[in-house]
Structures are given as C-alpha cells and as structure tokens.
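Single-structure report; data block below.
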Amino acid sequence: MPYQIFIDSSSGMSKELREKYHIDYFRMGLNINGEDKLADLDFVEFSREQMFDWVRDPKVVIKTSLVTPVEFESKMEKYLKKGIDILYIACADALSGTRQAFELFKEELLEKYPERKIISVNSARAEAALSLMAMEASRLQDQGKSLEEVAQYVEDNKQYYHETGSVDTLKYLRMYGRVSGAAAFFADTLNIKPVIIFDIHGHNYTMKKVRGEKKAMEECFNYIKAHVVEGVTDVIYLGETVPVPALDYLYKRITEELHIPVEKYYIGPIVSVCCGPGMYGCWFKGDLVTVEAK
C-alpha cells in the first residue's frame, strides 16, 4: 500500500529536498508575545529576519509549542482519504512531546479510517539528522520497502546519525531552561563555547567546553573525523541559524581533509529560536552513537 513520510519543523529540510524526496511535514508552533504562529519551514507567515528580530528583542517573549490536533488532522486526512498510510519520523522524544501528542491523536483518525495504518518513530534526533533519516526512508520506499519495513529500519539505524556544533552565546539556551543562569553568565563572560553532540536519547549533550570559536570548530572537526565511516558518510550537512563567516574554516577542513561533500543550509525555526543567532552544527551518518548523557 502507498504511504506518505512525514517529519516536523524541528528539522530545517528545504522545500527543494522535501519535493525531491516526497516528504511532508507537520508544523510546530511559535508563540510571539501571546500570538500563535506556525513554525513554517518556508517562512510563509513571517520572514527569517523577522524571527531573529523577535529573538533579539528583550521585550518579546517567544515560546515554542507542539503540533496541534488541527495541524495533524488537516495534513493527514489529505492522504488518508486517498487510501495512503502515514509514517511519521518525529523529533526526539527527549526534546519534544510532539510524537506523544501524535500517538494520542492518531487513535481518533484510526477510528475514522480503520483500514489505514499510521506509524510514528522516535528519531531520537532533530534538525538535519531528521532530514537525513527521511531521505533514506524515501529511498527505501522507492525500492519497494513496506511501511513497516521502513519504520523498523529507521528505528534500528537511528543511532548512526550524529550532530556536533556550538552556539555563540548561552543566553538563549538559558531562556529555554537548557542551562542555568550562572552557567550561561560565566560561559559568556569567559568566552567559553560548549561543543554539543547528540546522546543516544537525542539530548543535546555538552561533550567539551573550550575557549573561543576557533577552538570549538576544531573540536567539531575532530569529532567528525573520529566518527565518519567510509561508504556510509556520503554527505555532511553544515547548518547555521544566521550567517557565520567563520564556518568557512570548518567547511574547508571537511572538504579538503576528509574529502566528503558538504551541504550548507539554514537551520529551521524551532532550533533557531531555542539556540539563537550564531548557532551552527554538522549532521551526518557515521558510526554508532554510544554516548548517554548523565
């Protein structure tokens, strides 16, 4: 039976890639000073520039929110009515409650469409790692793999997707409760940069703390070099929330020393709001992730 692959706006997957791989997505939400807006990957309702104006403005309170039942229903019914099943590769449960909300709401749709199948997978990842999973799932779908086979493949292989990156300042992570106020203050005062990776649950785990942007990028490169696998790592996605000129250093080292193609892109709205301008990251498929954050 035909099935549609979904991700969500915790990814920054471009419209071009979504169309190429026939991927749809559920829009999470942003609340701007009490006004609800959709976290659209194509920035239809507001621009990327406007979003960062809000982020930088201390008078503006921004909160992220889960995908709503209305969004789930409107997006899924379009396919279910046509006899098309659903596979949702969701943002890590450790980072968002959206998949759990999906699981609750899907029961209502299954009562309405009892002949259909609706499956979700906890990707234990976000951003371009989620995009990479979806693209691989799409390739398997094109090879004739069933909904259940592809869902099981994603579940069995999700621990091979890596992230490494850093942020310009910890103040935005502090605002969203990811680090303490004291930690953010001293880190920013001393120019300390966290080198962040995914753990097995999808938590953003600080692998190291180093002084200065250049040192952070060196540590990111060392992490990539240690975990890429020949024949498996065919591309590395290099993302930024706003232009980070220093990223050219990381781009050159990956392409010239590791000889792996790099795709640059802008990080999606959810992660951009939570991490702020100046955040960057690299995502790729490599060896097995074994780190479990305390």
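All values below come from the heavy atoms of this structure, side chains included, with hydrogens, waters and symmetry mates left out.
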message = Between Lys37 and Glu35, is there a side-chain heavy-atom distance shorter than 4.5 Å?
response = yes

message = Within the 4.5 Å heavy-atom criterion, are Ile23 and Ile7 side-chain neighbours or not?
response = yes

Residue pair Ser120 / Arg99, side-chain donor-acceptor N/O under 3.5 Å = yes

request  = Group every Ile, Leu, Val, Met, Phe, Trp and Tyr by side-chain heavy-atom contacts under 4.5 Å, then state whether Val273 and Val61 land in the same group.
outcome  = no

message = Quick test of your reading of the model: are Arg253 and Asp248 salt-bridged, counting only N-O distances below 4.0 Å?
response = no

message = Please report the interatomic distance CG(Asp93) to OG(Ser123), rounded to the nearest 0.5 Å.
response = 8.0 Å

request  = Return yes when atom CD of Glu107 has more than 12 non-hydrogen atoms of other residues, nucleotides or ligands closer than 6.0 Å, and no otherwise.
outcome  = yes

ask   = With side chains defined as the heavy atoms from C-beta onward, is the minimum distance between Lys81 and Tyr113 less than 4.5 Å?
value = yes

ask   = So, do Val291 and Ile200 sit near enough that their side-chain heavy atoms are less than 4.5 Å apart?
value = no

key: Straight-line distance of Lys145 NZ to Gln152 CD, nearest 0.5 Å   = 13.0 Å

task = Could you tell me whether the side chains of Glu240 and Tyr265 share a donor-acceptor contact shorter than 3.5 Å?
result = no

ask   = Near Lys106 NZ, under 6.0 Å, is it more than 12 heavy atoms from other residues, nucleotides or ligands?
value = yes

ask   = Ring centroid separation for Phe72 and Phe102, is it under 6.0 angstrom?
value = yes

message = Between Tyr266 and Trp283, is there shared hydrophobic-cluster membership here, with clusters defined by ILVMFWY side-chain heavy atoms closer than 4.5 Å?
response = no

Pair Asp142-Tyr21, side-chain donor/acceptor within less than 3.5 Å = no

note = CE of Met28 to CG of Asp40, rounded to nearest 0.5 Å, is 13.5 Å

ask   = Would you say Met76 and Ile118 make side-chain contact, with heavy atoms under 4.5 Å?
value = yes

key: Face-on cation placement of Lys214 at Tyr249 ring, 6.0 Å and 45° thresholds   = yes

message = Less than 3.5 Å apart, any donor N or O on the side chain of Asp24 or Tyr79 sitting next to an acceptor on the other?
response = yes

Side-chain atoms of residues 221-229: list all donor-acceptor pairs with protein atoms under 3.5 Å, sequence neighbours left out, distances to 0.1 Å.
{"residue": "Asn222", "atom": "ND2", "partner": "Glu218", "partner atom": "O", "Å": "3.3"}
{"residue": "Tyr223", "atom": "OH", "partner": "His162", "partner atom": "ND1", "Å": "2.7"}
{"residue": "His227", "atom": "ND1", "partner": "Asp287", "partner atom": "OD1", "Å": "3.0"}
{"residue": "His227", "atom": "ND1", "partner": "Asp287", "partner atom": "OD2", "Å": "3.1"}

query = Which residues satisfy the ring-ring contact (aromatic ring centres under 6.0 Å, His included) test with Tyr25, sequence neighbours excluded?
reply = none

task = Count the heavy atoms of every other residue, nucleotide or ligand shown that sit under 6.0 Å from CD of Glu16, and state whether that count exceeds 12.
result = no

inquiry  = Under a plain distance cut-off of 3.5 Å, with no hydrogens placed, do Glu136 and Tyr161 share a side-chain donor-acceptor pair?
reply    = yes

ask   = Where does the angle between the aromatic ring planes of Phe26 and Phe6 fall among parallel (under 30°), tilted (30 to 60°) and perpendicular (over 60°)?
value = parallel

